[in-house]
Amino acid sequence: MPASHQRANLSDGREILFFQDHDSPAPLIAVDPRPNDSRPDSGTLRFDVLTGEWVAVATHRQTRTHLPAAAECPLCPSTPDRPTEIPAADFDVAVFENRFPSLGPGLGDVPSSRAVDTTFAEAAADSADTVTSALSGPGYGRCEVVVFSSEHTGSFGGLGTARARTVIDAWANRTAELSALPGIEQVFMFENRGEEIGVTMNHPHGQIYAYPYVTPHTAITSARAHDHLRRTGRPLLGDVLAFEREAGERMILETDHFSAFVPFAARWPIEVHIVPHRQVGSVDELDETERDDLARVYPEVLQRIDGLYPSPTPYIAAWHQAPVNSADRRAEWLRLEITSPRRAENKLKFLAGSEAAMGAFVGDVSAEETAARLRAVTLEPLAEVAVTASASSSVTANSAATATEGDRR
């Protein structure tokens, strides 16, 4: 059953939720003793008429916490002499509203791109103030922080299956609740790992953005999925999944419920997609068995990525869920994309002219080479981990992997 949870409020009114592992006692939640400071107003949205995209402007984020020492970490448990964002002496997983949100705390509707285009066309001949008003809106939405552990050090890959399952349940809970908020069009969960990615706090954590619009990338991929469904009667990612499972050479691991593979047209030096075999649009639609399986598959993929080099690899883990108000959810299919710019032990791929300006990626390594390297990583024996795929089969582990990693069923 899903992890149980409790709710409370921080001193400034922000909501915090505590999710507990199945075998853990409920945390003792204290009253937040910090001053009742007022929350910042919502930022603004500015519309780019050249691309049809909203850009969020949140200037208050310039003062957000940046790489604090462990003794000053706001994500660690509170102590009597140092209250933090977590008003408890210990906890398993905590989720709270971001003190420095890119979006929110206000909620409401944002005009569609077509509506803004129409307004701009009508106002273009008017004064600059009129045009500015036509292209601006309040930065509605909600941003949350998901703290994976009370321990200041560590990583998602090392949480263990029980804690990973608790985080998955927290994601499911937040996806369902945030999707029901006024004006929310998309819920995006992600983890930035490593200072090379731009992380401002090293305590293991992720984030959730609830957008008042469908993001540009999702708009593109969702439109292609809907077009494919209209033309073929089949979901696009279902066909991609069948292709990758049949090819096998880019498969990393496969279980009864999930496949993890390097996509055929990978953009990044390290890129792995984790896709459920059953079509669901969002994490909250995964059943109990699928969540248990994901709690084994996801950490193993991260362990394999970390096993490529002597030091931890920076990455972005991004959940691609169906838009809240998708026109046809039969076209939508949940996936997790894990990407890293690390192209060698001491080299990173930077998005320069072609990628940054034109959005035209140039790969540094082949998808097949990356997949082979990830399959070859030797892991410490773990209880209940996923079945490794061989280069020639998307189902059965090769004998070498089986011999070194034990029984992986």
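Hydrogens, waters and symmetry mates play no part in the numbers below; they use all other heavy atoms, side chains included. The first residue of the sequence shown is numbered 1, and numbering continues consecutively from there.
Counting heavy-atom neighbours within 6.0 Å of Leu67 CG, excluding the residue itself, gives a total above 12. Within 6.0 Å of CZ on Arg329 lie more than 12 heavy atoms contributed by other residues, nucleotides or ligands. Surrounding CZ of Phe243 are more than 12 heavy atoms belonging to other residues, nucleotides or ligands, all under 6.0 Å away. Within a 6.0 Å radius of CD in Gln62, no more than 12 heavy atoms belonging to other residues, nucleotides or ligands are found. When the shell of 6.0 Å around CZ of Arg82 is examined, it contains more than 12 heavy atoms from other residues, nucleotides or ligands. The environment of CZ in Arg114 is sparse: at most 12 heavy-atom neighbours from other residues, nucleotides or ligands sit within 6.0 Å. Crowding of Asp41 atom CG: a count of heavy atoms from other residues, nucleotides or ligands under 6.0 Å not exceeding 12.
Checked by atom type and distance alone, the side chain of Gln321 pairs as donor or acceptor with a backbone atom of Val283 at under 3.5 Å. Listed for the Ser42 side chain is a donor-acceptor partner under 3.5 Å among the backbone atoms of Gly106. Side-chain atoms of Thr119 come within 3.5 Å of backbone atoms of Ala115 as a donor-acceptor pair (strictly under, hydrogens ignored). Here the side chain of His205 pairs a donor or acceptor atom with the backbone of His203 at under 3.5 angstrom. Not one N or O on the side chain of Glu53 forms a donor-acceptor pair closer than 3.5 Å with the backbone of Asp48. At distances below 3.5 Å, not a single donor-acceptor pair connects side-chain atoms of Arg343 with backbone N or O atoms of Pro269. Looking at Trp319, its side chain never comes within 3.5 Å of a backbone N or O of Ser282 through a donor-acceptor pair. The backbone N or O of Pro33 lies less than 3.5 Å from no partner atom in the side chain of Ser11, so there is not a single donor-acceptor pair. Of the possible donor and acceptor atoms, one in the side chain of Arg375 sits under 3.5 Å from a partner among the backbone N and O of Glu249. Remark: the backbone N or O of Met1 is paired with a side-chain donor or acceptor of His22 at under 3.5 angstrom.
If you take CZ on Arg250 and OG on Ser366, they are separated by 9.5 Å, rounding to the nearest 0.5 Å. In this structure, CG in Asp90 is found 8.0 Å from CD in Glu151, a value given to the nearest 0.5 Å. Between atom CG of residue Leu10 and atom CZ of residue Arg39 there is a gap of 9.0 Å, rounded to the nearest 0.5 Å. Between the CZ atom of Arg224 and the CG atom of Leu229 there is a distance of 14.0 Å, given to the nearest 0.5 Å. Atom SG in Cys143 sits 12.0 Å away from atom CZ in Phe96 (nearest 0.5 Å). Atom OG1 of Thr215 sits about 9.0 Å away from atom CD1 of Ile220, to the nearest 0.5 Å.
Between Thr130 and Ala123, the shortest heavy-atom contact is CG2-CB, 3.8 Å. A pairwise comparison of heavy atoms in Ser149 and Leu159 identifies CB-CD2, 4.3 Å as the closest pair. Nearest heavy-atom pair, Arg99 versus Pro40, reported as atom, atom and distance to 0.1 Å: O-CG, 4.1 Å. Residues Glu144 and Val95 approach most closely at OE1-CG1, 3.4 Å, considering heavy atoms. Residue Ala88 comes nearest to Leu28 through the heavy atom pair CB-O, 3.6 Å, listed as atom of the first residue, atom of the second, then distance. Closest approach of Arg330 to Pro235, counting heavy atoms only: O-CB, 3.7 Å.
Between Pro263 and Glu337 the shortest side-chain heavy-atom distance does not fall below 4.5 Å. Within the 4.5 Å cutoff, the side chain of Leu351 has heavy atoms near those of the Phe361 side chain. Side-chain contact check for Ser155 versus Pro312: every heavy-atom pair is 4.5 Å or farther apart. Glu185 is not listed as a side-chain neighbour of Pro323, based on a closest heavy-atom distance of 4.5 Å or more. Between Pro204 and Phe156 there is no side-chain heavy-atom pair separated by less than 4.5 Å. Considering only heavy atoms from C-beta on, Val301 stays 4.5 Å or farther from Leu336 through its side chain. Between Asp129 and Ser127, the closest side-chain pair of non-hydrogen atoms falls below 4.5 Å. Inter-residue side-chain proximity for Glu196 and Pro341 is flagged as unmet; no heavy-atom pair is nearer than 4.5 Å.
For the side chain to side chain contact (heavy atoms under 4.5 Å, CB included) test, residues two or more places apart in sequence or in another chain that qualify with Ser340 are Ile270, Thr313, Pro314, Tyr315, Arg342. For Phe18, there are no ring pair (Phe, Tyr, Trp, His ring centres under 6.0 Å) partners at least two apart in sequence or on another chain.
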field: side-chain contact (heavy atoms from CB on, under 4.5 Å) assessment of Trp171 paired with Leu294
entry: CA-CA 12 Å; Trp171 285 332; Leu294 179 60; 5.6 Å; no

message: I'd like to know whether His217 forms a side-chain contact (heavy atoms from CB on, under 4.5 Å) with Thr221, so could you lay out the CA-CA distance, the side-chain angles of the two residues, the decisive distance to 0.1 Å, and finally the verdict.
response: CA-CA 6 Å; His217 182 77; Thr221 57; 3.7 Å; yes

Check against side-chain contact (heavy atoms from CB on, under 4.5 Å), Leu45 and Phe47: CA-CA 7 Å; Leu45 296 178; Phe47 189 77; over 6 Å; no

- request: Would you please test Asp293 and Arg296 for salt bridge (Lys or Arg N to Asp or Glu O under 4.0 Å) and show each step?
  value: CA-CA 5 Å; Asp293 200 25; Arg296 295 186 291 268; 3.3 Å; yes

task: Please test Tyr140 against Ile184 for side-chain contact (heavy atoms from CB on, under 4.5 Å), starting from the C-alpha separation and ending with a verdict.
output: CA-CA 9 Å; Tyr140 291 144; Ile184 298 304; over 6 Å; no

Trace of the ring pair (Phe, Tyr, Trp, His ring centres under 6.0 Å) decision for Phe190 with Tyr209: CA-CA 8 Å; Phe190 63 99; Tyr209 279 19; 5.3 Å; yes

message: Apply salt bridge (Lys or Arg N to Asp or Glu O under 4.0 Å) to residues Glu355 and Arg267 and explain how you reach the verdict.
response: CA-CA 10 Å; Glu355 291 95 348; Arg267 287 168 166 79; over 6 Å; no

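Side-chain contact annotation: Glu271 with His273, donor-acceptor N/O pair under 3.5 Å present. Between the side chains of Asp92 and Thr166, no donor-acceptor pair is found at a separation under 3.5 Å. Side-chain contact annotation: Ser259 with His277, donor-acceptor N/O pair under 3.5 Å present. No donor-acceptor contact under 3.5 angstrom links the side chains of Asp284 and Thr175, judged on distance only.
Using a 4.0 Å cut-off between charged side-chain N and carboxylate O, Asp169 and Arg165 make a salt bridge. A salt bridge between Glu85 and Arg34 is present, with a side-chain N of the basic residue lying under 4.0 Å from a carboxylate O of the acidic one. For Asp32 and Arg14, the salt-bridge test fails: no basic side-chain N is under 4.0 Å from an acidic carboxylate O. Taking a cutoff of 4.0 Å between a charged side-chain nitrogen and a carboxylate oxygen, Arg278 and Glu290 qualify as a salt bridge.
Considering Thr255, Leu253, Ile252 as possible partners of Glu300, the one that fulfils the side chain to side chain contact (heavy atoms under 4.5 Å, CB included) test is Leu253.
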